[in-house]
Engineer: 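Okay, here's the structure, questions in a sec.
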Amino acid sequence: MRRWRLVLGGGAADGTGCALDGEDAQMDGALAALYDQSGRDGGARGGEGGRADRREGGLGASAPRVARWLGDVRTYFPSTVVQVMQKDAIERLNLTRLLLEPEMLEAVEPDVHLVGTLLALNKVMPEQTKESARAVVRTVVAELERRLTQKTRAAVSGALDRSARTYRPKRTADIDWDRTIRANLKNYLPEKNTVVPSRLVGYARRQRSLQREVVLCIDQSGSMAASVVYASVFGAVLASMRSLKTSLVVFDTAVTDLTDRLHDPVELLFGTQLGGGTDINRAIAYSQGLITRPADSIFVLISDLYEGGIREEMLRRVAAMTQAGVQVIVLLALSDEGAPFYDHENAAALAAMGVPAFACTPDAFPDLMAAAIERRDIARWAEHHTAAP
């Protein structure tokens, strides 16, 4: 009954007959401030209309009141729930303006969505707030690096090793048994039920020289906020690997090359400007100029594909890159936010030329890069590792 009472929110018609007190009452008040709409639509939960039954939802415009509410939800709920409630509060109660105040930023639970909001407010943020905002972004980036760096390095380094073939492997551990068996099927002996290998196929020892060029091209329109955050962290990790030459550009209607900031993902993120229009064609044109070794290059376009530029030219440029040997990958989102909104017509046009467009979670991205380095079929990889958009 207690749980049902918390879910239903009270009032004359909740039907539980259960009263809340102490911490339960405080928890109920924190939920009501965000999710109870009766105070804004003039009605009363339960339809009785009595003043005692009205539950006034909303946090008002007071920064101290919001700060207290943020403290309450962090006390009563786990961090994963707090992040959802903060996101809902920003969207439902229009608290964006209050995030420009330092005391507010010190009270919030840092997460990717909050970072996206702060980046969108970067240009209008007062100077006294910017350091607090950087501290929030720094906390989130540090957590993402802790979570993603080792996995990314292991997947990419292993793929680079495996992509270099040799027919004289020095150790048994370096033999690629799958390829060796395929290469020697003509030597199959039915009576022995075995294959006699006349040659071995294996992995060459890792080369220290540059092996791949990677260009991350990121749409910084407002809907791509979480993708921008994750892609920036991945870009910094890839840039730290000497076998890769990593470039990162962001775009709206203009294109900004942020490659020189890859050593510091926090500075990189503050170099973005979320919002505005989209000119994918211009961004691809700039990215083409960064590629010097097409056959050894991976171009990752992260965009919802809503093109504000010249669509036909954009498609021609992608076709030209694939024909030159560039491994082109289009991600409709790089986030945990579920199915994204995207331009279905452009996605279908890209798929028709052999460039599938799909959403990818941050946890799957390292394996995706490994698949690209090994020149595996990306469409098949997407079928097995992602949900259909």
Side-chain angles (χ1 to χ4, degrees), residues 80 83-84 86-88 90-92 111-120 140 144 147-148 152 215-235 248-253 255 269 272-284 287 298-309 311 314-315 318 327-369 371-372 378-389:
T80 52
Q83 291 171 10
V84 172
Q86 286 179 173
K87 183 174 182 289
D88 287 347
I90 292 170
E91 294 175 352
R92 294 164 62 97
D111 73 329
V112 170
H113 300 293
L114 179 60
V115 169
T117 302
L118 294 177
L119 296 179
V140 173
L144 291 178
R147 167 186 158 193
L148 301 172
T152 303
V215 179
L216 300 177
C217 186
I218 310 168
D219 183 344
Q220 60 178 352
S221 58
S223 61
M224 303 295 294
S227 298
V228 170
V229 176
Y230 284 117
S232 297
V233 173
F234 279 120
L248 186 144
V249 300
V250 296
F251 67 93
D252 40 39
T253 52
V255 180
L269 284 167
T272 65
Q273 178 56 58
L274 294 176
T278 308
D279 192 336
I280 304 174
N281 176 55
R282 177 178 291 187
I284 295 177
S287 299
I298 302 167
F299 174 67
V300 183
L301 173 65
I302 304 173
S303 173
D304 55 18
L305 297 179
Y306 287 104
E307 172 64 308
R311 175 181 183 270
M314 181 263 289
L315 295 174
V318 173
Q327 182 87 323
V328 179
I329 300 171
V330 177
L331 300 182
L332 303 170
L334 178 57
S335 72
D336 293 308
E337 295 180 325
F341 292 99
Y342 65 97
D343 188 305
H344 290 256
E345 185 177 351
N346 283 336
L350 290 169
M353 64 176 71
V355 181
F358 54 92
C360 180
T361 65
D363 286 333
F365 185 78
D367 190 59
L368 171 60
M369 290 303 300
I378 298 302
R380 181 171 297 178
W381 182 94
E383 289 177 3
H384 288 87
H385 293 81
T386 66

Engineer: Provide the closest heavy-atom pair for Pro366 versus Thr152 in the form atom of the first, atom of the second, distance.
Structural biologist: CG-OG1, 3.4 Å

Engineer: Are Phe341 and Asp304 close enough that some pair of their side-chain heavy atoms sits under 4.5 Å apart?
Structural biologist: no

Engineer: With rounding to the nearest 0.5 Å, note down the distance linking CD in Gln220 to CG in Asp252.
Structural biologist: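 With rounding to 0.5 Å, CD (Gln220) is 4.5 Å from CG (Asp252).
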
Engineer: With side chains defined as the heavy atoms from C-beta onward, is the minimum distance between Phe251 and Leu301 less than 4.5 Å?
Structural biologist: yes

Engineer: How far apart are the closest heavy atoms of Ala226 and Ser335, and which atoms are they?
Structural biologist: CB-CB, 3.9 Å

Engineer: Find out whether Val250 and Gln273 are in side-chain contact, i.e. whether some heavy atom of one side chain is under 4.5 Å from a heavy atom of the other.
Structural biologist: no

Engineer: Are the aromatic rings of Phe365 and Tyr230 close, with centres under 6.0 Å apart?
Structural biologist: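 Not close enough - the centres of the two rings lie 6.0 Å or further apart.
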
Engineer: Between Val249 and Ile218, is there a side-chain heavy-atom distance shorter than 4.5 Å?
Structural biologist: no

Engineer: So, for Leu216 and Ala231, which heavy atoms are closest and what is the spacing to 0.1 Å?
Structural biologist: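 Of all heavy-atom pairs spanning Leu216 and Ala231, the closest is CD1-O, 3.9 Å.
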
Engineer: Which pair of non-hydrogen atoms, one from Phe299 and one from Cys217, has the smallest distance, and what is that distance?
Structural biologist: CE1-CB, 3.6 Å

Engineer: Got a second to check how far Leu332's CG is from Cys360's SG, nearest 0.5 Å?
Structural biologist: 10.5 Å

Engineer: Quick one: CE on Met314 to CG on Asp279, what's the gap to the nearest 0.5 Å?
Structural biologist: 9.5 Å

Engineer: Nearest 0.5 Å, what's the CD1-OG distance between Ile302 and Ser227?
Structural biologist: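 Here the interatomic distance stands at 6.5 Å.
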
Engineer: Heavy atoms only: give me the nearest Trp381-Ala364 pair and the separation to one decimal.
Structural biologist: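 Smallest heavy-atom distance, with atoms named: CZ2-O, 3.6 Å.
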
Engineer: Quick one: pull up CD in Glu307 and CZ in Arg282 and give me the separation to the nearest 0.5 Å.
Structural biologist: 10.5 Å

Engineer: So which of Asn346, Thr278, Asp343, Ile280 actually passes side chain to side chain contact (heavy atoms under 4.5 Å, CB included) with Tyr306?
Structural biologist: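 When side chain to side chain contact (heavy atoms under 4.5 Å, CB included) is applied between Tyr306 and each of Asn346, Thr278, Asp343, Ile280, only Asp343 qualifies.
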
Engineer: Would you say the side chain of Val115 lies within less than 4.5 Å of the side chain of Thr117, judging by non-hydrogen atoms?
Structural biologist: no

Engineer: Distance only, no hydrogens: is a donor on one side chain within 3.5 Å (strictly under) of an acceptor on the other, for Ser221 and Asp219?
Structural biologist: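 On atom types as modelled, these side chains qualify, holding a pair under 3.5 Å.
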
Engineer: Report the C-alpha distance between Arg311 and Asn281 in whole Å, list the side-chain angles of each, state the deciding distance to 0.1 Å, and finish with yes or no for side chain to side chain donor-acceptor pair (under 3.5 Å).
Structural biologist: CA-CA 7 Å; Arg311 175 181 183 270; Asn281 176 55; over 6 Å; no

Engineer: Using the rule given for side chain to side chain contact (heavy atoms under 4.5 Å, CB included), can you reason through Leu368 versus Ile378, listing the C-alpha separation, both sets of side-chain angles and the distance that settles it, and then say yes or no?
Structural biologist: CA-CA 8 Å; Leu368 171 60; Ile378 298 302; 4.2 Å; yes

Engineer: Would you call Asp336 and Arg147 a salt bridge, using N to O less than 4.0 angstrom?
Structural biologist: yes

Engineer: Show, in sequence, the C-alpha distance, side-chain angles and deciding distance for Leu148 and Asp363, and conclude whether the side chain to side chain contact (heavy atoms under 4.5 Å, CB included) test is met.
Structural biologist: CA-CA 7 Å; Leu148 301 172; Asp363 286 333; 3.9 Å; yes

Engineer: Is any side-chain heavy atom of Thr361 closer than 4.5 Å to one of Leu334?
Structural biologist: no

Engineer: Could you go through the side chain to side chain contact (heavy atoms under 4.5 Å, CB included) check for Leu114 and Val112 one step at a time?
Structural biologist: CA-CA 5 Å; Leu114 179 60; Val112 170; over 6 Å; no

Engineer: Specify the closest pair of heavy atoms between Ile298 and Ala372, including all atoms of both residues, with the distance to one decimal.
Structural biologist: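 Smallest heavy-atom distance, with atoms named: CD1-CB, 3.9 Å.
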
Engineer: Run the side chain to side chain contact (heavy atoms under 4.5 Å, CB included) check on Met369 and Val300 step by step: do they pass?
Structural biologist: CA-CA 9 Å; Met369 290 303 300; Val300 183; 4.3 Å; yes

Engineer: Do Leu350 and Leu305 have side chains that get closer than 4.5 Å, going by heavy atoms?
Structural biologist: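 A side-chain contact exists here, since the closest heavy-atom pair is under 4.5 Å.
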
